[in-house]
Student: 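There's a structure below that I have some questions on.
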Amino acid sequence: MTTKEDRVQPNETTLPLLPCPAPEETLAFWRALGFQVTYKQLKPYVYLAFTWSGFQLHYGPAPKNLDPAKETSGGCLVMVDAVAPYHAAFTETMRRSYGKVLVKGLPRMTRYRAGASRFSIVDPSGNTITFIQRDEPTDLEYGGSAELQGLARVLDNARILREFKMDDRAAYRALDSGMRRRADDAPVVEQAMALAALIELSVALGKAERVPEWGARLRALTLTEPERTQVEQFVADPAVLEPWWGPDAP
């Protein structure tokens, strides 16, 4: 008679083992976000384990000369039913622990636009933990959907670069180039969406000197209330647009 101990059971559990060149900082960060430390060892080698909700993160020794600032340490995917509640929970704990949401440097959390299907946290050791909605689309087209034309395709490409590749610089370059080449023939709302994204990305990338340029162009556009809502929904933080809507905006 064959028992369950005699055969492979389809109930395996896998855990990420992330390199940890900055153990003290990593401990402090995850504790600040509300994670429970279930194991802590610093000598003779590093081993840390954390738990939060229903998942775990484990850390082990890092290779020599691994630089967290290069953000090439490692990473893992956390598959969830809906990402918005996770981003909201970490936003709340970051503000409570740090007085603000960490969006630059290490550690940090990427912006979340309503309706997006993923976001990432980069820890102090340079690992990227990406939260992904289980039913997110799989037919992504870098370069923008082939079904779209002109600035609409540029906007779609920028959205994918921001939300899936997490590459703000590439998204900024795509939008900057798209506005130079495609804006003249594009609907006003598409121009406004591109300008709004450029404002947000300029702030995130430390290119604030260009914000007045994008803002002035945005202010000069005439938008209906539904179009304005559409523009606000294209960025993660509509508050960055408030100085540029103009006194006569609807």
Side-chain angles (χ1 to χ4, degrees), residues 4-94 96-98 101-112 116-138 140 161-170:
K4 65 179 182 180
E5 288 79 13
D6 299 324
R7 61 182 185 273
V8 172
Q9 296 294 313
N11 59 357
E12 300 86 356
T13 299
T14 61
L15 294 173
L17 184 60
L18 305 171
C20 191
E24 295 292 354
E25 294 87 345
T26 300
L27 277 164
F29 175 66
W30 290 120
R31 280 172 168 159
L33 261 63
F35 282 66
Q36 179 184 355
V37 179
T38 57
Y39 193 86
K40 174 186 174 183
Q41 175 181 295
L42 301 180
K43 292 182 179 180
Y45 59 87
V46 171
Y47 200 97
L48 307 175
F50 303 87
T51 184
W52 188 91
S53 184
F55 73 97
Q56 300 179 52
L57 296 174
H58 286 219
Y59 288 82
K64 288 184 178 180
N65 302 319
L66 179 62
D67 183 359
K70 293 182 179 179
E71 300 181 16
T72 57
S73 301
C76 73
L77 308 179
V78 184
M79 310 304 293
V80 300
D81 291 337
V83 296
Y86 290 82
H87 195 274
F90 295 135
T91 294
E92 180 182 352
T93 54
M94 276 188 181
R96 186 166 59 244
S97 299
Y98 296 100
V101 179
L102 306 177
V103 296
K104 296 180 181 180
L106 293 180
R108 71 177 185 277
M109 182 168 65
T110 61
R111 297 179 307 281
Y112 175 74
S117 58
R118 63 172 63 187
F119 72 92
S120 293
I121 294 176
V122 186
D123 69 21
S125 288
N127 298 288
T128 301
I129 292 81
T130 302
F131 293 79
I132 301 178
Q133 193 164 302
R134 287 190 176 91
D135 62 351
E136 78 169 11
T138 57
L140 301 175
L161 290 170
R162 281 190 305 172
E163 296 176 7
F164 293 89
K165 195 176 179 183
M166 306 295 177
D167 192 338
D168 283 353
R169 294 188 183 279

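Nothing fancy with the numbering, it's 1 onward along the sequence.
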Student: So does Asn65 have more than 12 non-hydrogen atoms from other groups sitting under 6.0 Å from CG?
Tutor: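 No, because the 6.0 Å sphere around CG of Asn65 holds 12 heavy atoms or fewer from other groups.
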
Student: For a 4.5 angstrom cut-off between non-hydrogen side-chain atoms, does Trp30 reach Trp52?
Tutor: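 SC-SC contact between Trp30 and Trp52 ruled out.
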
Student: Is a side-chain donor or acceptor of Ser117 paired with a backbone partner of Glu136 at a separation under 3.5 angstrom?
Tutor: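 Pair absent, no side-chain N/O of Ser117 close to backbone of Glu136.
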
Student: Which donor-acceptor pairs under 3.5 Å do side chains of residues 161-168 form with protein atoms, sequence neighbours excluded?
Tutor:
| from | atom 1 | to | atom 2 | distance (Å) |
| --- | --- | --- | --- | --- |
| Arg162 | NH1 | Glu200 | OE1 | 3.4 |
| Arg162 | NH2 | Phe234 | O | 3.0 |
| Glu163 | OE1 | Arg113 | NH2 | 3.3 |
| Glu163 | OE2 | Arg113 | NE | 2.5 |
| Glu163 | OE2 | Arg113 | NH2 | 3.0 |
| Asp167 | OD1 | Arg169 | N | 3.3 |
| Asp167 | OD1 | Ala170 | N | 3.0 |
| Asp168 | OD1 | Arg111 | NH2 | 3.2 |
| Asp168 | OD2 | Arg111 | NH1 | 3.2 |
| Asp168 | OD2 | Arg111 | NH2 | 3.3 |

Student: For Ser120, does its backbone N or O pair with a side-chain atom of Thr110 as donor and acceptor, under 3.5 Å?
Tutor: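 Yes.
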
Student: Below 4.5 Å, heavy atoms only, C-beta onward: do Phe90 and Leu102 meet side chain to side chain?
Tutor: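 The answer is no, as the side chains (C-beta and beyond) never meet within the 4.5 Å cut-off.
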
Student: Considering residues at least two apart in sequence or located in another chain, which fulfil the side chain to side chain donor-acceptor pair (under 3.5 Å) criterion with Asp123?
Tutor: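 Side chain to side chain donor-acceptor pair (under 3.5 Å) list for Asp123, sorted by chain: Tyr59, Asn127.
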
Student: Could you pull out the closest heavy-atom pair between Leu66 and Pro19, with the gap in Å?
Tutor: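 For Leu66 versus Pro19, the nearest heavy atoms are CD2-CB, 4.0 Å.
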
Student: Taking the side chain as C-beta and beyond, is there a heavy-atom pair between Phe29 and Met94 under 4.5 Å?
Tutor: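 Counting from C-beta outward, Phe29 and Met94 do come under 4.5 Å.
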
Student: Is it true that a side-chain atom of Ser125 and a backbone atom of Ala22 form a donor plus acceptor pair closer than 3.5 Å?
Tutor: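 Yes, Ser125 side chain to Ala22 backbone: donor-acceptor pair under 3.5 Å.
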
Student: Mark yes or no for whether Glu24, through its side chain, and Ala28, through its backbone, hold a donor-acceptor pair below 3.5 Å.
Tutor: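 Such a contact is absent between Glu24 side chain and Ala28 backbone.
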
Student: Is the backbone N or O of Gly34 less than 3.5 Å from a side-chain atom of Thr93, with the two atoms forming a donor-acceptor pair by type?
Tutor: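 Pair absent, no side-chain N/O of Thr93 close to backbone of Gly34.
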
Student: Nearest 0.5 Å, please: how far is CZ in Phe131 from CZ in Phe55?
Tutor: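 If I round to the nearest 0.5 Å, the distance is 4.0 Å.
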
Student: First locate atom CG of Leu57, then atom CG of Leu48, and finally report the distance between them rounded to the nearest 0.5 Å.
Tutor: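 CG of Leu48 is found 10.5 Å from CG of Leu57.
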
Student: Kindly give the heavy-atom pair with the smallest separation between Pro68 and Pro21, and that separation in Å.
Tutor: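 Closest heavy-atom pair between Pro68 and Pro21: CG-CG, 3.5 Å.
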
Student: Where do Pro124 and Leu106 come nearest, in terms of heavy atoms and distance?
Tutor: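 The pair with the smallest heavy-atom distance is O-CD1, 4.2 Å.
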
Student: Rounded to the nearest 0.5 Å, how far apart are CD of Gln36 and OG1 of Thr51?
Tutor: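 So the gap between those two atoms works out to 6.5 Å.
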
Student: Taking all heavy atoms of Cys20 and all of Pro23, pick out the closest pair and write down the distance.
Tutor: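 What the structure gives for the nearest pair is SG-CA, 3.5 Å.
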
Student: To the nearest 0.5 Å, what is the distance between NE2 (His58) and OG1 (Thr14)?
Tutor: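 Reported value, rounded in 0.5 Å steps: 11.0 Å.
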
Student: Answer yes or no: is there a side-chain heavy-atom contact under 4.5 Å between Thr91 and Met109?
Tutor: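 Contact flag for Thr91/Met109 side chains = yes.
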
Student: Enumerate the salt bridge (Lys or Arg N to Asp or Glu O under 4.0 Å) contacts for residues 66-86, please, sequence neighbours excluded, ordered by first and then second residue.
Tutor: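 Every salt bridge (Lys or Arg N to Asp or Glu O under 4.0 Å) pair that includes a residue of residues 66-86, provided the two are not neighbours, is Glu71-Arg108, Asp81-Arg134.
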
Student: Measure the CD1-CG distance between Ile121 and Leu33 for me, rounded to the nearest 0.5 Å.
Tutor: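 If I round to the nearest 0.5 Å, the distance is 5.5 Å.
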
